[in-house]
Every structure is written in structure tokens, then in C-alpha cells.
Undergrad: 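Have a look at this one before I ask anything.
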Amino acid sequence: MKFHGKNAIVTGGANGIGLAIARNLVMAGASVCIFDLASENPAERASTIGAQGCVADVTDRSSLESAFGLGPIPDVVVINAGTVGIASIANTSAELWNRTLNVNLTGAFNTLQIAAERMRPTRKGAIVLTASTNSFDGEADLIAYNATKAGLLGILHTAANELGPYGIRVNAVCPGLIRTRLTAEAFSNPAPLRDYFRHIALGRGGEPDEVAQAVLFLASDLASYITGTTLVVDGGQLASKFGTWGGAADSFDGQRWTRNS
Ligand SMILES: NC(=O)c1ccc[n+]([C@@H]2O[C@H](COP(=O)([O-])OP(=O)(O)OC[C@H]3O[C@@H](n4cnc5c(N)ncnc54)[C@H](O)[C@@H]3O)[C@@H](O)[C@H]2O)c1
């Protein structure tokens, strides 16, 4: 996967999955700019991986437009900025609902619309959305998050349909549980992890680099006939309906299941 001579933008690129995507793009030869909130010091974070950084709030159109305007027309745009808040339906406040929709859904739409406007005249390019396995399931206590991640599939399909005639491909990755600050609490609790990972065929959580590799594939020329689709990066979680692990030959070491037979 080669990105020499290509310009890439990664929103939410100062941390976690976005930072791993930006780093892998840089290693593959791309000129990368990460967009993130001022509080995350995107320029400073970018300098550690050989990228550029730009302050941009995806919920604020004018901030996003100025950030896009500062750089060259992108060949690759990764729409990754996201947030999550845990609450039951009863306890989901209007503030949590609106904040989650604003960042994950309106922010993705804002980024897509501006990116498409800039890329269309070049008649080429690739856009990758970070959706989730929660685009497909109904994990409890995440109603706002789940609604946004399911909504991203509507954005994905419509954008692939409208931008295909301009040579712009649009795809999504759907990560399962990946070790980032968003999931740090889950990863630090071995007891619930044991049960959670029982339902993951590979028996463990994922790392940001494992999502980044899938994003690079979808953004690369190797995926030249792929648009409008999702690539699930979940260790087999969605495939493992009744669970995989927990038999007499299986053991859990706090982070992963192993089969001893
Ligand atoms: N970690 C997981 O298990 C997991 C699983 C599936 C999907 N995802 C998705 O992956 C993406 C990245 O999540 P992560 O786990 O790396 O979390 P993270 O918190 O480490 O990174 C999210 C980044 O988005 C940025 N961001 C938030 N609001 C923003 C805004 N308004 N404008 C610009 N940037 C903003 C944050 O500052 C942060 O740098 C999210 O869309 C998340 O929903 C994560």
C-alpha cells in the first residue's frame, strides 16, 4: 500500500485510532494533516509522527472549512472524530444525545460535504469513515452512540452513490473493541473483559494499528473497485453469535483467551 505523493486528512487524528491511521499513512509515504480539537494539541501530536496538525472542530463548519483551506486538495480523507457517553435510554440526557449526534453524525456530514466539494473537480479520491460494530448491533447503554454509528451507514451509502461518478470511493471500517482512551476503562477490568472476549473468535481486543491497516487498504489503490461497503475489524465478534470461549480447555489471562488443546 503506497501513498507517495498523496495528501491525506484524518479527523480526530490526535489520539487512538486516528493517530494510528495518520502514523501508518505517513509510513506509507503520504503527506498527512491531522484535524483535532485545540485541547488535543494536534500540531504537537502530529510532529511526533512526521505529520502536520491543524485545529478543527468537526461540529463547527467555519473551523473545518478554514482547516481544509490551509492545505492542498486531499486524495484521502478519513472521517474518524468521535465521542461516546454511556447511559441507559432513561438516563440519556438531551445534552448527551445532542453532543453525540453533533460530533459523530453532523461532524461526519460536515467533513464529507467539504471534502467532496474539494475532491470532486479532481475526479479521484478515497474517503473512509470510522463506523463501528455498533452500526449493526444494539449494545445496551449506548443509544446515542449506536444511533450515530448506524446513521453513518446512511451517509456511507449515499456518498458512495453520489460520488462514484466523480471517481471518489467511500467506504467504512467497523471496529469492535479497540484499546484506546475511549475504552481504557473496559480494558482495565479483567472480570467483565473475560466475558466480553468470550464472544470474540480471536479471544482478545484489538489495537489501533489493526484498524489503521484496514483503513489504509480501503484508501489505497488496492481497493480500486471497492466503494459503498464496510470492513468489519472486530476479531470475529459479530460472527460469534453464541460465543467462542469458556470451555474446559480455555483459559483467560486478564487480556486474552487461549485454547490449551
Ligand atoms: N475504541 C474503540 O473500541 C472503537 C470502536 C469502534 C469505533 N470507534 C470509533 O473510532 C473513532 C476514534 O475513536 P478512539 O477510540 O480512537 O477514541 P479517542 O478518544 O482516542 O479519539 C477520538 C478523537 O476524536 C477527537 N474529537 C472528538 N470530538 C471532536 C471534534 N468535535 N472535532 C474534532 N475532533 C474531535 C478527539 O479529540 C480524539 O482525538 C471514533 O469515531 C469511535 O467512535 C472506536
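Just so it is clear, the values below take in all heavy atoms, side chains as well, and ignore hydrogens, waters and symmetry mates. The structure displayed is predicted, hence computed values, not measured ones. As the structure lists them, so they are numbered: ligands from 1, and atoms in each ligand from 1. Throughout, residue positions are numbered sequentially from 1 according to the sequence presented.
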Undergrad: Would you say Lys149 touches ligand 1, if touching means a heavy atom closer than 4.0 Å?
TA: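 It does; at least one heavy atom falls under 4.0 Å.
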Undergrad: Would you check the N or O atoms of Ile178, main chain and side chain alike, for any that come under 3.5 Å of an N or O of ligand 1?
TA: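 By distance alone, the answer is yes.
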Undergrad: Please report which non-hydrogen protein atom sits nearest to atom 32 (N) of ligand 1, along with the residue it belongs to and the distance in Å to one decimal place.
TA: Val58 N, 3.0 Å
Undergrad: Starting from atom 38 (C) of ligand 1, what is the nearest protein heavy atom, named by residue and atom, and what distance separates them?
TA: Arg181 NH2, 3.3 Å
Undergrad: Among all protein heavy atoms in this structure, tell me which lies nearest to atom 31 (N) of ligand 1, with the distance rounded to 0.1 Å.
TA: Asp57 OD1, 2.8 Å
Undergrad: Could you find the nearest protein heavy atom to atom 15 (O) of ligand 1 and give me its residue, atom name and distance?
TA: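 Answer for atom 15 (O) of ligand 1: Thr180 OG1, 2.6 Å.
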Undergrad: What protein heavy atom sits nearest atom 8 (N) of ligand 1, and how far off is it?
TA: Tyr145 OH, 3.5 Å
Undergrad: Among all protein non-hydrogen atoms, which one is nearest to atom 21 (O) of ligand 1, and what is the separation to 0.1 Å?
TA: Asn15 CB, 3.9 Å
Undergrad: Is any N or O atom of Ala131, backbone or side chain, closer than 3.5 Å to an N or O atom of ligand 1?
TA: no
Undergrad: Is a donor from one side chain sitting under 3.5 angstrom from an acceptor on the other, for Thr59 and Asn110?
TA: no
Undergrad: Short list, please: which atoms of ligand 1 are under 4.0 Å from a heavy atom of Gly16?
TA: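 This gives 16 (O), 20 (O) as the contact atoms.
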Undergrad: Within 45° of the six-membered ring axis of Trp245 and under 6.0 Å from that ring's centre, is NZ or CZ of Arg259 located there?
TA: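 Ring-cation test returns yes.
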Undergrad: In the protein, what heavy atom is nearest to atom 10 (O) of ligand 1, and what distance, to one decimal place, separates them?
TA: Thr130 CG2, 3.2 Å
Undergrad: Side-chain contact, heavy-atom cut-off 4.5 Å: Phe197 with Arg256?
TA: no
Undergrad: Suppose I only count heavy atoms of Ala56 and a 4.0 Å limit; which atoms of ligand 1 are within that range?
TA: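 Reading through ligand 1 atom by atom, the close ones are 32 (N), 33 (C).
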Undergrad: Going by the order shown, which atoms of ligand 1 are within less than 4.0 Å of some heavy atom of Pro175?
TA: 5 (C), 6 (C), 7 (C)
Undergrad: Side chains of Gln213 and Asn24 only: does a donor on one sit below 3.5 Å from an acceptor on the other?
TA: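 Per modelled atom types, Gln213 and Asn24 side chains form a pair under 3.5 Å.
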Undergrad: Rounded to the nearest 0.5 Å, what separates atom CG in Leu37 from atom CG in Asn15?
TA: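 Spacing of CG (Leu37) from CG (Asn15) equals 9.5 Å.
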Undergrad: What protein heavy atom is closest to atom 37 (O) of ligand 1, reported as residue, atom name and distance in Å?
TA: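 In this structure, atom 37 (O) of ligand 1 has Asp36 OD1, 2.6 Å as its nearest protein heavy atom.
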Undergrad: Considering distance alone, does some N or O of Gly18 sit under 3.5 Å from an N or O of ligand 1?
TA: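 No - when backbone and side-chain N and O of Gly18 are compared with those of ligand 1, no distance drops under 3.5 Å.
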Undergrad: Taking the six-membered ring of Tyr166 as reference, does the NZ or CZ atom of Arg123 fall below 6.0 Å from its centre and within a 45° cone about the axis?
TA: no
Undergrad: Out of Gly13, Gly176, Ser132, Ala81, who gets a non-hydrogen atom closest to atom 4 (C) of ligand 1?
TA: Gly176
